[in-house]
Amino acid sequence: MGDDLTLFLENFIKKEPIFDDKKALQSNYTPINVPYRNKQIQQIAGIFAPALRLEKPSNLFIYGKTGTGKTVSVKHTTNTIMEIANRNNLPLKVIYINCKLKRVADTEYRLVAQLAYEFGKDVPATGLPTDEVYKIFLKVLDSEKKVVILILDEIDQLVNKVGDGILYNLTRINSELKNSQISIIGISNDLMFADNIDPRVKSSLSEEELVFPPYNAIQLQKILRERAKIAFRGGVVAEGVIEKCAAYAAREHGDARRALELLRVAGEIAERKNENNLLVEHIDEAEEKIERDRVLDIITTQPKQFKLTLYSILTTCSDSKGDKQIFTGDVYEVYKDACAKTGVKPLTQRRVSDIIAELDMLGIISARVISKGRYGRTKEISLAIHPSILPKTSEALKEGLNL
DNA sequence: CGAGATTCATGTGAAGTATACCTTTAGGCTTAA
DNA sequence: AAGCCTAAAGGTATACTTCACATGAATCTCGTA
């Protein structure tokens, strides 16, 4: 047995690796050039260039579906700007915040607290008035002269949750500042986002606007090839692999991020299997693994009540095999049982209803409100998890709940 | 037969509550002169 | 008297509850053809 292990590890070293530089496929990698986005990058650069003269750049709003290169383009531009700024000793700062991150920036208080934290001020998680936190932030921000570019990614999620007052406050920051200047880049996946916010906020926030169209299959292929060239050792990638990845992502409204992830995970699978080449089969496996990881990751990071709710939905679903329609009431009954079993104090149906809505937002279930006429009104709930990973999912849930 | 009223089961908004945590303040204790 | 620690007071954000009203189509009711 020990010999097997040694053998495996020995082989691992001896074998030619599949990857050359895996970084190129990781999600936080910013490539040296971003294909098919030159125009957008040019525009972003044009908008932010004044920062290098220490003038406040216009606020900017960027729309585009997931994986259309919004974040990459912005980061690429700001990175370049920062390089120049550092070289010339310019007091410039770029802050990137993803508003979706639970317990980091998903409320106004936490967002501002996070901003303060970026400037080295620790703010307690609770207890302070929100405007106090604003003051703390303003004070550090204004403590010395500088230009700040604030990137708020997935800002639509935040506004959805807490309303648009927060945007108003943010746009007002500038008038409170004496030394510094701040300009805001909002990034939204929701193309309709701007229609639902206060027009005054909208006009000041989107002094400039930019839309990122989805990539088509051919562009995706080009992107994948370019990254694959860096990431993999030459000749490792089999015929048709890139095409398949691209096709898969094009199906998902041209999501390049998924395509790249698919390629990376496929590579990892091939590597683990001790294969010499990256084959088309690995992509299928990767597709499943990604989905599985995504779901498991969401599940394990959710609070207990969310797990319990999801568990209830899961059992309700599998109990009612034939008819796929399950409703809030059914779920709630199961939920109460589950609470009794695990010794957790059950929440009200009101709250569970909200939790169901949040699980829907996470894309792990899909719930839509329907009216059943005489038989009332409810949410029709169904799982948005691929059946092949269901067993693993419920296993993970049970483990998380000590069931 | 069809238009309107009714009904059900839950959606949904607003306001209230519990909890955990923050800062400030006032007192009590210690310490050093 | 000054300095330091502690505990109480007064305040907040967040997750949750309570209350009350809103929904919207299947079903019922009843007037009319």
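Atom set for the values below is all heavy atoms of this structure, side chains included, hydrogens, waters and symmetry mates excluded. Within every chain, numbering begins at 1; the chains are lettered A, B, ... in the order of the sequence lines, protein sequences first and strands thereafter.
Two residues are said to be in side-chain contact when any heavy atoms from C-beta on lie closer than 4.5 Å; A:Q221 and A:R225 meet this criterion.
With axes fitted over five pairs at each extremity, the angle between the ends of the helix from B:dC1-C:dG31 to B:dT31-C:dA1 is 20° (10° resolution).
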In 5'-to-3' order, the base (B), backbone-only (S) or no-contact (-) status of each nucleotide in nucleotides 5-11 of chain C, using a 4.0 angstrom heavy-atom cut-off, is ------B
Sequence-aligned protein contact record of nucleotides 23-28 of chain C, with B where the base is within under 4.0 Å of a protein heavy atom and S where only the sugar-phosphate is: BBBBS-
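Once rounded to the nearest 0.5 Å, the distance linking CD1 of A:I95 with CG of A:L141 reads 7.5 Å. The OG atom of A:S188 sits 9.0 Å away from the CD atom of A:E154 when rounded to the nearest 0.5 Å.
Note: CG (A:L347) to P (B:dT17) measures 19 Å, nearest angstrom. Between the C1' atom of C:dT14 and the CD1 atom of A:I355 lies a distance of 14 Å, rounded to the nearest Å. Atom CD in A:E333 sits roughly 12 Å away from atom C1' in B:dA9 (whole-Å rounding).
Take A:D198 and apply the side-chain contact (heavy atoms from CB on, under 4.5 Å) test, not counting sequence neighbours, and it matches A:D164, A:R200, A:V201. Partners of A:F232 according to the ring-ring contact (aromatic ring centres under 6.0 Å, His included) rule, which considers only residues two or more places apart in sequence or in another chain, are A:F19.
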Please output the side-chain donor-acceptor pairs of residues 389-403 of chain A that fall under 3.5 Å, not counting sequence neighbours, one pair per line with the distance.
residue : atom : partner : partner atom : Å
A:T393  : OG1  : A:I389  : O            : 2.6
A:S394  : OG   : A:P391  : O            : 3.1

Less than 3.5 Å apart, which donor and acceptor atoms pair up between the side chains of residues 352-363 of chain A and the rest of the protein, not counting sequence neighbours?
residue : atom : partner : partner atom : Å
A:S353  : OG   : A:K379  : NZ           : 3.2
A:D354  : OD1  : A:R350  : NH1          : 3.0
A:D354  : OD2  : A:R350  : NH1          : 3.2
A:D360  : OD1  : A:A367  : N            : 3.2

Only pairs under 3.5 Å count here: list side-chain donor-acceptor contacts from residues 70-83 of chain A, not counting sequence neighbours, and write none if there are none.
residue : atom : partner : partner atom : Å
A:K70   : NZ   : A:G64   : O            : 2.8
A:K70   : NZ   : A:K65   : O            : 2.7
A:K70   : NZ   : A:N189  : OD1          : 3.0
A:T71   : OG1  : A:D153  : OD2          : 3.0
A:S73   : OG   : A:G69   : O            : 2.6
A:H76   : NE2  : A:I32   : O            : 2.8
A:T77   : OG1  : A:S73   : O            : 2.5
A:T78   : OG1  : A:V74   : O            : 2.9
A:T78   : OG1  : A:K75   : O            : 3.1
A:N79   : ND2  : A:K75   : O            : 3.3
A:T80   : OG1  : A:H76   : O            : 2.7

Please set out all donor-acceptor pairs under 3.5 angstrom arising from side-chain atoms of residues 38-62 of chain A, sequence neighbours excluded.
residue : atom : partner : partner atom : Å
A:N59   : OD1  : A:I184  : N            : 2.9
A:N59   : ND2  : A:S204  : O            : 3.0

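For A:T130 and C:dA13, the shortest distance from a side-chain N or O to OP1 or OP2 is below 4.0 Å. Contact between the side-chain N/O atoms of A:T378 and the OP1/OP2 oxygens of B:dA9 is not found at any separation under 4.0 Å.
Near DNA chain C, meaning a heavy atom under 4.0 Å from it, residues 105-121 of chain A has A:T107, A:Y109, A:R110 in order of number.
Within the structure, ring pair (Phe, Tyr, Trp, His ring centres under 6.0 Å) contacts touching residues 100-147 of chain A (residues at least two apart or in different chains) are A:F119-A:F137. Applying the salt bridge (charged side-chain N to carboxylate O under 4.0 Å, His left out) test to residues at least two apart or on different chains, the pairs with a partner in residues 104-129 of chain A are A:D106-A:R110, A:D106-A:K161.
Atom NZ of A:K102 sits in a crowded spot, with more than 12 heavy atoms from other residues, nucleotides or ligands closer than 6.0 Å.
Along DNA chain B, the nucleotide nearest A:R350 and the nucleotide nearest A:D330 are compared for position; the residue whose nucleotide lies closer to the 5' end is A:D330.
Side-chain contact annotation: A:H253 with A:T66, donor-acceptor N/O pair under 3.5 Å present.
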